[in-house]
Engineer: 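Could you have a look at this structure, given as structure tokens, before my questions?
Atoms considered below: every heavy atom in the structure, side chains included; atoms not considered: hydrogens, waters and symmetry mates. Residue numbers count from 1 along this sequence.
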Amino acid sequence: MLRALTRRVRFSRHIHSSRPLMKEGPEVAYRFALGRPPAAKTLTTNFEVTGGKLKDMTIAYETWGILNKAKDNAILLHCGMSASSHAKSSDQDPAPGWWEKFIGPGLALDTDLFYVICVNNLGSCYGSTGPSSVNPATNKPYGSSFPPFTVQDQVRCQFALLDDLGIDKLHASVGSSLGGMQSLAAASMYPDRVRNVVSISACPATHPAGIAYRQMQRECISSDPNWKNGDYYYDEPPLSGLKLARQIGTLTYRSGPEWETRFGRRRISDDITIGKNFEIESYIAHQGEKWANAGAFDPNSLIWMSTAMDWFTLEKTDPVTGENSLKEGFKDIQQPALVIGVQTDVLFPIWQQKKVAELLRSVGNSHVSYYELDSYYGHDTFLLDTVSIGGAVKGHLEQEPNGANHLFRETALGASLVLRSLQERDSCNIDLEDVFYALDSDSDGHIQVQKISAYLYLYYTLTQVSKGLTCQNLTLEKTTDIVLECSKGEPIINKEDLMTKHKEMSAKILAMCTSGQCELSAH
């Protein structure tokens, strides 16, 4: 709580970006591994997509932060085509996530304020139902029988999860690439349930060039004899095709200026050898082999999801002319909107993000921020540029209108109650019943886990300090985890549960303190 108060800053609506000189470019470091990530939770439900019905469809998702009592601090983070729900590391899964440096206390998606939800896409192979999933009707993988779906179907899946979580309105819908398409679609489809929208490196409708790139990738896979029209799950998968598809993808994810600076025409051999002369050739080959050899992605998932991307458009029928119109599709997006594009993006050229911003303004949205970044890293900029992308996103989500003022006030109230209750009691004797009533501001018999966690963290921190000690192991996150165990994962806890479990909680916190104790330095 207190940490969020000390970090509130205004974000300047002007971004400076410079191109660094580099010999080795940064690479996306997150893990590619088939199957549901270790920390992912799931929802199973029956669902109908454009191409048919899915019985017992599974939606995999991960969360960070704490959902507040009003359930109005949730951010839906949409992921790209090849990403899983694992956007951020956690105690359950310490591996870095695909947006690792953007999520956490004080970061772009500030978990001191927001409850971040990342959902693995319908059609993927990372826990949500896709072509590699078992069809309950046949007890075999769907393969070629998996029904075709649209980006809008993927968004409807995500909102089915929100319904199950009891979240009626999002603080924001945030996404990049395919996720940026989804964030726009969510704001258009559910205008009363989305307070802010962030779309990075996306488009209002798929352009023929994007369709052409993805068609080349699909043909690489479908021309591999092992593809067998998508029914290969009991045999060798089409890894040669997947490798080539990934190589094409790599060309569209990065940029020519980066290749020039990073590789130039440097050779790996003085002899003329077909396909093995230049560093750039070696790099592209490595990217394909890394994906294919690791079994990092299901080829059918690439085919089905890339097809959904090709079909994407926010057009709706104009009731006057009867024709399809992007303006009509954008009419309902009146939320504060942040649109970011990258000048070196090959896959989603900068003019497509300009078009998004122009369409939003043309339909009367008066709160549109458009940023154009001069970055070396092309389409992958949204994964790598924590300064420009992260700063812009943080500013948009926390500033008014539709910002985080109410969450800061809520945090301030909780912090003041915590400090007051600490001042009014003997620091050697904690009376949780009194604390409960001090923190139960609306007197309904329940308090937020984050409030009691902050109290316990401060109490035991000050107790240690009063003894001339400090504890490196004692953190707000670990204290919150202990309280969440007692609340069975719920964001609120009632008085009876708190009083029943307080000895167990105190013992765990004290054990944590004892294991990491050291004397305070003279400084």
Side-chain angles (χ1 to χ4, degrees), residues 31-37 44 47-60 79-84 120-151 153-154 157 178 206 210-253 275 284-312 347:
R31 172 191 59 207
F32 290 107
L34 290 177
R36 178 165 59 92
T44 300
F47 199 80
E48 187 167 358
V49 299
T50 299
K53 296 180 179 180
L54 290 169
K55 181 177 171 53
D56 296 335
M57 181 192 71
T58 298
I59 304 170
C79 56
M81 183 177 70
S82 61
S84 71
N120 181 227
N121 284 316
L122 165 70
S124 184
C125 49
Y126 298 133
S128 291
T129 295
S132 60
S133 302
V134 173
N135 182 348
T138 64
N139 206 32
K140 296 178 180 179
Y142 279 99
S144 61
S145 69
F146 196 77
F149 55 87
T150 65
V151 171
D153 288 330
Q154 292 177 318
C157 284
L178 168 58
T206 304
I211 295 173
Y213 286 132
R214 287 184 286 272
Q215 174 59 17
M216 285 193 290
Q217 290 181 290
R218 289 190 291 268
E219 285 200 17
C220 287
I221 294 171
S222 62
S223 62
D224 187 322
N226 288 337
W227 184 58
K228 300 177 182 176
N229 293 317
D231 296 313
Y232 52 78
Y233 292 105
Y234 294 106
D235 300 302
E236 287 295 318
L239 295 184
S240 295
L242 181 65
K243 179 179 72 173
L244 293 174
R246 182 62 176 181
Q247 290 178 358
I248 292 172
T250 300
L251 291 177
T252 67
Y253 300 151
I284 294 298
H286 170 70
Q287 292 301 311
E289 289 165 2
K290 181 173 69 173
W291 230 44
N293 294 342
F297 202 67
D298 178 44
N300 275 343
S301 285
L302 189 153
I303 288 176
W304 262 255
M305 286 203 288
S306 67
T307 301
M309 292 177 71
D310 290 353
W311 273 89
F312 177 73
L347 189 57

Engineer: Can you name the nearest heavy-atom pair linking Leu242 to Ala292, along with the distance?
Structural biologist: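 Reported closest heavy-atom pair: CD2-CA, 4.3 Å.
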Engineer: Tell me every residue that passes side chain to side chain donor-acceptor pair (under 3.5 Å) with Trp291, counting only those two or more places apart in sequence or in another chain.
Structural biologist: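 Trp291 satisfies side chain to side chain donor-acceptor pair (under 3.5 Å) with no other residue.
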Engineer: Checking side chain to side chain contact (heavy atoms under 4.5 Å, CB included) for the pair Asn226/Leu239: CA distance, chi angles, key distance, verdict?
Structural biologist: CA-CA 8 Å; Asn226 288 337; Leu239 295 184; over 6 Å; no
Engineer: Tell me, do Leu347 and Tyr253 make a side-chain contact under 4.5 Å, heavy atoms counted?
Structural biologist: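 A side-chain contact under 4.5 Å exists here.
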Engineer: Which pair of heavy atoms, one from Tyr233 and one from Pro141, lies closest together, and at what distance?
Structural biologist: CD1-CB, 3.6 Å
Engineer: For Ala60 versus Gly127, what's the shortest heavy-atom pair and its separation?
Structural biologist: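 Where Ala60 meets Gly127 most closely, the heavy atoms are CB-C, 3.6 Å.
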Engineer: Using atom types as modelled and distance alone, determine if a side-chain donor or acceptor of Asn120 lies under 3.5 Å from a backbone N or O of Ser128.
Structural biologist: yes
Engineer: Are side-chain heavy atoms of Leu54 and Pro147 found at a separation under 4.5 Å?
Structural biologist: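 When only atoms from C-beta onward are counted, Pro147 and Leu54 do touch, with a gap below 4.5 Å.
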Engineer: Could you measure the distance from the CG atom of Asp310 to the CD1 atom of Ile211? Nearest 0.5 Å is fine.
Structural biologist: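 With rounding to 0.5 Å, CG (Asp310) is 5.0 Å from CD1 (Ile211).
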Engineer: For the residue pair Val49 and Met57, establish whether any side-chain heavy-atom pair is separated by less than 4.5 Å.
Structural biologist: no
Engineer: Going by heavy atoms in the side chains, are Met309 and Met81 under 4.5 Å from each other?
Structural biologist: yes
Engineer: Closer than 3.5 angstrom, by distance alone: can the side chain of Trp304 be matched with the main-chain N or O of Pro131 as a donor-acceptor pair?
Structural biologist: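 Judged by distance alone, no pair lies under 3.5 Å.
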Engineer: So, Tyr232 versus Asp298: side-chain donor-acceptor pair below 3.5 Å or not?
Structural biologist: yes
Engineer: Examine distances only and state if a side-chain atom of Thr44 and a backbone atom of Asp56 form a donor-acceptor pair shorter than 3.5 Å.
Structural biologist: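 A pair under 3.5 Å: no.
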Engineer: Not counting sequence neighbours, which residues clear side-chain contact (heavy atoms from CB on, under 4.5 Å) with Ser240? List them please.
Structural biologist: Asp224
Engineer: Can you list the residues that meet the side chain to side chain donor-acceptor pair (under 3.5 Å) rule with Asp235, with sequence neighbours excluded?
Structural biologist: Lys228
Engineer: Could you pull out all residues at least two apart from Ala33 that satisfy side-chain contact (heavy atoms from CB on, under 4.5 Å)?
Structural biologist: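 Here the qualifying residues are Arg31.
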Engineer: Grab the two heavy atoms, one from Ser306 and one from Leu302, that are nearest each other, plus how far apart they are.
Structural biologist: OG-O, 2.7 Å
Engineer: Minimum heavy-atom separation for Ala308 and Val151, please, with both atom names.
Structural biologist: O-CG2, 3.6 Å
Engineer: List the residues meeting side-chain contact (heavy atoms from CB on, under 4.5 Å) with Glu289, not counting sequence neighbours, and say none if there are none.
Structural biologist: Lys243, Ala285, Asn293
Engineer: Which atom pair, heavy atoms only, marks the closest approach of Gly230 to Asn300?
Structural biologist: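 Between these two residues, the closest heavy atoms are O-ND2, 2.8 Å.
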Engineer: As an exercise, state the distance from CG of Leu251 to CZ of Arg246, rounded to the nearest 0.5 Å.
Structural biologist: 11.0 Å
Engineer: With sequence neighbours left out, what residues match Tyr126 under ring-ring contact (aromatic ring centres under 6.0 Å, His included)?
Structural biologist: Phe297
Engineer: Find out whether Phe149 and Thr307 are in side-chain contact, i.e. whether some heavy atom of one side chain is under 4.5 Å from a heavy atom of the other.
Structural biologist: no
Engineer: Within a strict 4.5 Å, meaning less than it, do heavy atoms of the Gln154 and Met305 side chains meet?
Structural biologist: yes
Engineer: Output all residues satisfying side chain to side chain donor-acceptor pair (under 3.5 Å) with Gln215, sequence neighbours left out; order by chain, then residue number.
Structural biologist: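 Checked Gln215 against side chain to side chain donor-acceptor pair (under 3.5 Å); matches are Arg218, Glu219.
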Engineer: For Cys79, give me all partners under side-chain contact (heavy atoms from CB on, under 4.5 Å), at least two apart in sequence or on another chain.
Structural biologist: Ala83, Trp98, Cys118, Asn121
Engineer: Who are the side chain to side chain donor-acceptor pair (under 3.5 Å) partners of Thr150, not counting sequence neighbours?
Structural biologist: Asp153
Engineer: Kindly state each residue pair satisfying side-chain hydrogen bond (donor to acceptor under 3.5 Å, both in side chains) with at least one member in residues 134-145, sequence neighbours excluded.
Structural biologist: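 Qualifying pairs, neighbours excluded: Ser144-Asp231.
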Engineer: Could you tell me the separation between the CD1 atom of Ile248 and the CD atom of Gln217, rounded to the nearest 0.5 Å?
Structural biologist: 6.0 Å
